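Following: one structure in structure tokens, then a few remarks.
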Amino acid sequence: MPLVPQRADVPVTIDESLCIDGCTLCVDMCPLDSLAIREDNGKAYMHVDECWYCGPCAARCPTGAVTVNMPYLLR
């Protein structure tokens, strides 16, 4: 069975095909330091499963690679 390239059950997902190598805009915007940059490919990922669903990470991403998966009750 093939492995999924990224988890889908975390509050913030990053589309690696759209993420710019070495860009840290979403990481810099996160007030909880939940996002980080992978050392192997320079792409962002959520390294801590904690999120306030505030959205600046997604708003600041120039390519739309960041998606905040808000729970139904917060929408």
Side-chain angles (χ1 to χ4, degrees):
M1 176 188 298
L3 297 175
V4 177
Q6 66 186 19
R7 289 179 49 195
D9 61 340
V10 294
V12 176
T13 54
I14 288 98
D15 183 343
E16 288 191 1
S17 67
L18 297 175
C19 186
I20 300 169
D21 296 352
C23 174
T24 63
L25 293 176
C26 62
V27 174
D28 296 340
M29 295 304 296
C30 181
L32 298 176
D33 294 327
S34 296
L35 302 174
I37 301 293
R38 293 187 190 279
E39 291 183 19
D40 60 339
N41 65 5
K43 308 282 183 164
Y45 73 104
M46 187 167 195
H47 74 103
V48 177
D49 290 350
E50 187 174 331
C51 183
W52 286 344
Y53 305 99
C54 57
C57 57
R60 188 66 178 104
C61 181
T63 63
V66 181
T67 302
V68 179
N69 304 307
M70 290 187 192
Y72 178 73
L73 295 175
L74 291 179
R75 290 186 187 180

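This is a predicted model, so every value here is computed, not measured.
Scanning both residues, C57 and V68, for their nearest heavy atoms gives SG-CG2, 3.8 Å. Residues Y53 and N69 approach most closely at CE2-O, 3.5 Å, considering heavy atoms. Considering all non-hydrogen atoms of both residues, V12 and M46 come closest at N-SD, 3.4 Å.
The CD1 atom of I14 sits 5.5 Å away from atom SG of C26, with the distance rounded to the nearest 0.5 Å. Considering SG of C19 and CD1 of I37, their distance stands at 6.0 Å, rounded to 0.5 Å. Taking SG of C30 as the start and CD of E50 as the end, the distance is 8.5 Å to the nearest 0.5 Å. Annotation: the span from M29 atom CE to L35 atom CG amounts to 11.5 Å, rounded to 0.5 Å.
A donor-acceptor pair under 3.5 Å is formed between the side chain of T63 and the backbone N or O of L18. The backbone N or O of D21 sits nowhere less than 3.5 Å from a side-chain atom of K43 that would complete a donor-acceptor pair. Not one N or O on the side chain of S34 forms a donor-acceptor pair closer than 3.5 Å with the backbone of C51.
Applying the salt bridge (Lys or Arg N to Asp or Glu O under 4.0 Å) test to D33 and every residue at least two apart in sequence or in another chain returns nothing. For A36, the side chain to side chain contact (heavy atoms under 4.5 Å, CB included) partners two or more places apart in sequence, or in a different chain, are Y45, H47.
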>> Apply side chain to side chain contact (heavy atoms under 4.5 Å, CB included) to residues L32 and V48 and explain how you reach the verdict.
In response: CA-CA 9 Å; L32 298 176; V48 177; over 6 Å; no
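The closest side-chain heavy-atom distance from P62 to I20 is below 4.5 Å.
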